[in-house]
Amino acid sequence: MPTDFDAIFKAYDVRGTVGDQLDADGAWAIGGAFARYVAKEGSTAILVGRDMRPESPELASAFVQGALAHGIDVIDVGLCATDMLYFGSGSLGMPGAVFTASHNPAGYNGIKMCGAGAAPISSTKGLNQIKELAVGGPQLAHTKGTLTSQDLLGSYVTHVRSFVNTADLMSLKVVADTANGMGGLVLPAVFASLPFHLDHLYPELDGTFPNHPADPLQPENQRDLCARVLKTQADVGLAFDGDADRVFLVDEKAQPISGSTTTAIIAKLLLERHPNATVLHNLICSKAVPEAILEAGGKPLRTRVGHSFIKQVMAETNAVFGGEHSGHYYFQQNYGADSGLIAAVIVLEALSRHPAGLADLVASLERYASSGELNTKVADTDAVLAKVAAAYPQAAQDHLDGLTVDMGDWWFNLRASNTEPLLRLNLEAASASEVQAKVAQVQGLF
């Protein structure tokens, strides 16, 4: 069993290296703890799935046995993308857990968990209690739970396709890089009867990631996709992470499209179908996002970074959609959960209706220059945040998530990492040169 549960219980999930941090004994203990936690919430059964990493079958099996031993019934859904597990949880009204380490390299594994109806579980709700139950040791049930299996893929595919008007879809040339991750299972199934010409890079499920890491946030992991888009003169490129809950776009010129711009594209299309609806965007999204939402007749609402916060605000405000700059996209009609594939098919519908191409579609939405997220190690994050805030007394400031300072023609957010002594800076201004100057100014205060 892992000697330090604190090392593997993160802000939103369980994550660690296999063997020294997370092993079968630890998975068994967490499965039992999850069973006890959801039983207190009124559930009698859970869904359990897994990704394609070599250790996932053993770890998932141990988790299942731990849950069964604590009296909870388990439905094994087998190989699945994370958003497929969320779909099952939402459509069946059951808590769920999926073994995955998302974009982390080979050698890592983890568990993403949710409550019934795909309700978020994180350190602010549920995850710490599950950790405490795991640390406290087992409390075996008098009657073990029962184990059954269910295939969710067919109903999941129907659900994803329900987000688009298939009559509007054109025969676009799409290159997709699923990086040997779970997109290799779900993407071909969703595209099977759609009119797209799919050129699929690295579709084989292989958790050793023989081609490149399944982390499309890093530009070097999009190189093969960009080269293929240019070579084949494709209309768009899609890059998925390891558990396929995030998607990143490149246009026909192999230029990356930011998560902010993708949020704006999706928001505009959904607002056609849901006039005057509320749309969420996290506070490191470009100012172009709330501007586009307002222009499309929607009501923009700014949130903290992180899925648990966004899902909570979505439920409270009845928002139709929420987007994060990091490539997570949340849909009211997806039980408030995020989905890379739903985001992808909506963008493809928007592109089908814009024959001038993706580069032209996004031109009006890419209005500012951005620094991207810049991480800096500091000795005392609170002290630095206070010093930076004091340096801009004339600016509009808030502390919704870290420190946001808005100078009108430029702004930045500075927030502490959940797990490391790091400050994360995101800054936006009118031009790249202005961004460079302002980043130097802000970082000079650290």
Side-chain angles (χ1 to χ4, degrees), residues 1 5 9 13-14 22-53 55-100 109-122 125-156 158-159 182 185-186 243 311 334-337:
M1 182 179 295
F5 280 96
F9 274 79
D13 58 15
V14 173
L22 178 62
D23 61 8
D25 288 341
W28 189 97
I30 297 168
F34 185 60
R36 291 163 63 190
Y37 172 78
V38 300
K40 290 178 181 178
E41 298 282 307
S43 295
T44 59
I46 61 173
L47 301 170
V48 178
R50 57 182 172 82
D51 71 8
M52 68 295 139
R53 291 170 186 261
E55 310 85 4
S56 290
E58 179 189 7
L59 294 174
S61 177
F63 181 97
V64 166
Q65 292 305 315
L68 293 171
H70 287 79
I72 286 286
D73 294 336
V74 176
I75 298 176
D76 180 1
V77 301
L79 284 165
C80 70
T82 292
D83 69 336
M84 188 170 151
L85 188 281
Y86 292 154
F87 161 73
S89 173
S91 61
L92 299 174
M94 296 169 55
V98 59
F99 274 77
T100 180
N109 215 309
I111 317 166
K112 292 185 178 182
M113 292 171 270
C114 64
I121 287 179
S122 69
K125 178 172 170 51
L127 203 56
N128 287 338
Q129 292 96 310
I130 294 167
K131 178 175 73 173
E132 290 167 6
L133 291 169
V135 170
Q139 291 185 4
L140 302 181
H142 294 297
T143 304
K144 285 186 64 175
T146 59
L147 175 62
T148 56
S149 61
Q150 184 170 341
D151 185 355
L152 296 176
L153 185 58
S155 53
Y156 164 79
T158 300
H159 174 67
M182 288 313 304
L185 174 71
V186 294
D243 61 338
K311 289 177 180 177
N334 189 46
Y335 314 101

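Sequence positions, counted from 1, serve as the residue numbers for this chain.
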Distance in Å, L22 CG paired with E55 CD, rounded so as to fall on 0.5 Å steps:
9.0 Å

Between the CD1 atom in I121 and the CD1 atom in I111, the distance rounded to the nearest 0.5 Å is 11.0 Å

Any chance you could measure Y335, atom OH, to D83, atom CG, to the nearest 0.5 Å?
12.5 Å

Spell out, as yes or no, whether a donor-acceptor pair under 3.5 Å connects the side chain of S122 to the backbone of L127.
no

For side chain to side chain contact (heavy atoms under 4.5 Å, CB included), just list the numbers for Y86 and V98, CA-CA rounded to whole Å, side-chain angles, deciding distance to a tenth of an Å, and then say yes or no.
CA-CA 9 Å; Y86 292 154; V98 59; 5.9 Å; no

Less than 4.5 Å apart, any side-chain heavy atom of F87 and any of S155?
yes

Looking at CG of L153 and OG1 of T158, how far apart are the two atoms once the value is rounded to the nearest 0.5 Å?
9.5 Å

Are P138 and W28 packed together at the side-chain level, in the sense that at least one heavy-atom pair is separated by less than 4.5 angstrom?
yes

Are any side-chain N or O atoms of S149 and backbone N or O atoms of V77, one a donor and one an acceptor, separated by less than 3.5 Å?
no

For A33 and A134 the tightest heavy-atom approach is CB-N, 3.5 Å

Side-chain heavy atoms of P57 within contact of F99, under 4.5 Å
no

Under the side chain to side chain contact (heavy atoms under 4.5 Å, CB included) criterion, do K112 and L85 qualify, and how do the steps go?
CA-CA 10 Å; K112 292 185 178 182; L85 188 281; over 6 Å; no

In this structure, are over 12 heavy atoms from other groups packed under 6.0 Å from E58 atom CD?
no

Throw together a table of side-chain donor-acceptor distances under 3.5 angstrom for residues 36-52, partners on residues two or more places apart or in other chains.
| residue | atom | partner | partner atom | Å |
| --- | --- | --- | --- | --- |
| R36 | NH1 | G137 | O | 2.9 |
| D51 | OD1 | R53 | N | 3.0 |
| D51 | OD1 | S56 | OG | 2.6 |
| D51 | OD2 | R53 | NE | 3.3 |
| D51 | OD2 | T100 | OG1 | 3.0 |

Give me the atom names and distance for the closest heavy-atom approach of F34 to C114.
CZ-O, 3.7 Å

Identify each donor-acceptor pair in which a side-chain atom of residues 62-75 lies under 3.5 Å from a protein atom, sequence neighbours left out, and give them as a table.
| residue | atom | partner | partner atom | Å |
| --- | --- | --- | --- | --- |
| H70 | ND1 | G66 | O | 2.7 |
| H70 | NE2 | Q139 | N | 3.2 |
| D73 | OD1 | T146 | N | 2.8 |
| D73 | OD1 | T146 | OG1 | 3.1 |

